[in-house]
Amino acid sequence: MSDKRRPVLQPQKDGGSLKFLYDTAPGRLVLKALVNPLFSRAGGAFMSSRFSKRMIGRFIEKNGIDMNRYEKGPFSCYNDFFCRRLRRELSVSAGQGVLISPCDAKLSVFRIEEDSRFFIKGSSYSIADLLQNHELAEFYQGGWCLIFRLTVDDYHRYCYVDDGAKGPNVFIPGKLHTVQPIALKRHDIYKENCREYTVMDTDHFGQIVQIEVGALMVGKILNFHQSGSFHKGEEKGMFQFGGSTIVLLLRQGSVQLDQELLDNTADQLETIVKIGEGIGRSI
């Protein structure tokens, strides 16, 4: 919610290892094993063991992570580091009716129209597919779909975007596919991935839905609360072990999004946002 332009992410090239997995016959055989949740749990067990500590230093250096943002270790394992907390108390955008980003991510925003499908780097899906609930999906016709794509270098804890009250978390099991662009050519990952959604009644935006989507090597989506009240900026949960995605659904007439988010998405660019940053305002 400032005049300063946010950074954007340019279109990415597909990595060689992902091309092997998705564009070759031997690779797709390997992929069948990799996307099985059992593999993800096995990988998660290693990441939670002391043997994974040696990965931390190389990861920080390779991804240029500024550790001054976070609480200091020592970290007992890679997952302990991956789920690190921000060093300072979470700072959220001040002011009543400001919509904040629930996480660090690369953001795209789309209008939800009747029977519309959303195209993200070559893959399409509908809101009904994502929720497996046609009645709930109809509630958001004409509204907004905000897609926050987290990469492994992002902060993987996420927060509530407003004050309000929530219902239970609804888990939808599935296979775990990577969210990298090459995967989108062959798999509708938002239908196949495990995910968990929460319906929330908020003070300034009415009923919204937040969906956490697991990706390859994300063994767990950890939401901290069941039904009850919550506060803006309060920690809602976290991901473990890898990249992931958060989707927010907002009703028609509930929010005015920052214009640069709309412009960047129209130009097929993702906008880089940080947790607690203002991205819109209630109407």
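For Lys106 (side chain) and Val8 (main-chain N/O), no donor-acceptor pair under 3.5 Å exists by modelled atom type. No donor-acceptor pair under 3.5 Å is formed between the side chain of Asp267 and the backbone N or O of Leu269. Judged by distance alone, the side chain of Asn169 and the main-chain N or O of His225 form a donor-acceptor pair under 3.5 Å. Gln141 contributes a side-chain N or O that, together with a main-chain N or O of Glu114, makes up a donor-acceptor pair within less than 3.5 Å. A donor-acceptor distance shorter than 3.5 angstrom exists from the side chain of His156 to the backbone of Asp154, with no hydrogens or angles considered. At least one donor-acceptor pair under 3.5 Å links the side chain of Asp162 to the backbone N or O of Asp203. Judged by distance alone, with hydrogens and angles left aside, the side-chain atoms of Glu277 form a donor-acceptor pair with the main-chain N or O of Lys274 at under 3.5 Å. Not a single donor-acceptor pair under 3.5 Å links the side chain of Arg251 to the backbone N or O of Ile208. A distance-only check finds no donor-acceptor pair linking the side chain of Arg195 to the backbone of Phe171 [under 3.5 Å]. Using a distance-only test at 3.5 Å, with no hydrogens or angles considered, no donor-acceptor pair links the side chain of Asn79 to the main chain of Phe82.
If you take OH on Tyr197 and CG on Leu131, they are separated by 6.0 Å, rounding to the nearest 0.5 Å. In this structure, Ser282 OG and Gln96 CD are separated by 8.5 Å, a value rounded to the nearest 0.5 Å. Rounding to the nearest 0.5 Å gives a distance of 10.0 Å between OG of Ser108 and CZ of Phe148. If you take CD1 on Ile279 and CD on Glu260, they are separated by 11.0 Å, rounding to the nearest 0.5 Å. Going from atom SG of Cys83 over to atom OH of Tyr70 covers 12.0 Å, rounded to the nearest 0.5 Å. To the nearest 0.5 Å, the span separating NZ on Lys166 from OG on Ser229 amounts to 10.5 Å.
When the side chains of ILVMFWY residues are joined at heavy-atom separations under 4.5 Å, either directly or via intervening members, Ile272 and Leu86 end up in two distinct hydrophobic clusters. Criterion: ILVMFWY side-chain heavy atoms under 4.5 Å apart, direct or through other members. Under it, Phe46 and Phe75 are part of a common hydrophobic cluster. Criterion: ILVMFWY side-chain heavy atoms under 4.5 Å apart, direct or through other members. Under it, Met238 and Ile56 are not part of a common hydrophobic cluster. Follow the hydrophobic side-chain contacts under 4.5 Å out from Ile283 and you never reach Leu262; the two are in separate clusters. One hydrophobic cluster holds both Leu257 and Leu107 under the rule that ILVMFWY side chains link at heavy-atom gaps under 4.5 Å.
Using a 4.0 Å cut-off between a side-chain N of Lys or Arg and a carboxylate O of Asp or Glu, Arg85 and Glu71 do not qualify as a salt bridge. Contact check on Asp104 versus Arg149 returns no salt bridge, with no Lys/Arg side-chain nitrogen under 4.0 Å from an Asp/Glu carboxylate oxygen. A salt bridge does not link Lys53 to Asp80: none of the charged nitrogens lies less than 4.0 Å from a carboxylate oxygen.
Between Ser244 and Glu212, every side-chain heavy-atom pair lies at or beyond the 4.5 Å cut-off. Between Ile112 and Trp144, the closest side-chain pair of non-hydrogen atoms is not below 4.5 Å. Residues Asn223 and Ile221 meet the side-chain proximity criterion, which asks for heavy atoms closer than 4.5 Å. Side-chain atoms of Phe230 and Lys236, non-hydrogen and from C-beta on, never get closer than 4.5 Å to each other. Contact check for Leu130 versus Val247: side-chain heavy atoms found under the 4.5 Å cut-off. Between Cys77 and Ser49, every side-chain heavy-atom pair lies at or beyond the 4.5 Å cut-off. Counting heavy atoms from C-beta outward, Arg84 and Ile65 have side chains that approach closer than 4.5 Å. The shortest distance between side-chain heavy atoms of Leu99 and Leu146 falls below 4.5 Å.
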Decide yes or no on side chain to side chain contact (heavy atoms under 4.5 Å, CB included) for Val199 and Gln207, but give the supporting numbers first.
CA-CA 7 Å; Val199 179; Gln207 181 181 296; 3.6 Å; yes
Applying side chain to side chain contact (heavy atoms under 4.5 Å, CB included) to Tyr160 and Glu235, what does each step give before you reach the verdict?
CA-CA 6 Å; Tyr160 294 102; Glu235 199 168 79; over 6 Å; no
Side chain to side chain contact (heavy atoms under 4.5 Å, CB included) between Cys103 and Leu150: does it pass, once the steps are laid out?
CA-CA 8 Å; Cys103 57; Leu150 291 78; 3.8 Å; yes
May I have the step-by-step check of side chain to side chain contact (heavy atoms under 4.5 Å, CB included) for Cys159 and Ile100, ending in yes or no?
CA-CA 9 Å; Cys159 71; Ile100 63 170; 3.9 Å; yes
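Other residues, nucleotides and ligands contribute at most 12 non-hydrogen atoms within 6.0 Å of the CD atom of Glu135. Atom CD of Gln226 sits in a crowded spot, with more than 12 heavy atoms from other residues, nucleotides or ligands closer than 6.0 Å.
Looking at every heavy atom in both residues, Leu250 comes nearest to Tyr140 through C-CD2, 3.7 Å. When all heavy atoms of Tyr158 and Leu222 are compared, the closest pair comes out as OH-O, 3.5 Å. When all heavy atoms are compared, the tightest approach of Val98 to Lys232 is O-NZ, 3.0 Å. The two residues Ile246 and Pro102 come nearest to each other via the heavy atoms CG2-CG, 4.2 Å.
The side chain to side chain contact (heavy atoms under 4.5 Å, CB included) test with Val209 is passed by exactly one of Thr198, Leu248, Leu136: Leu136.
Ring-plane geometry between Phe81 and Phe59 is classed as perpendicular, the angle between the planes exceeding 60 degrees on a 0 to 90 degree scale with a lower cut at 30.
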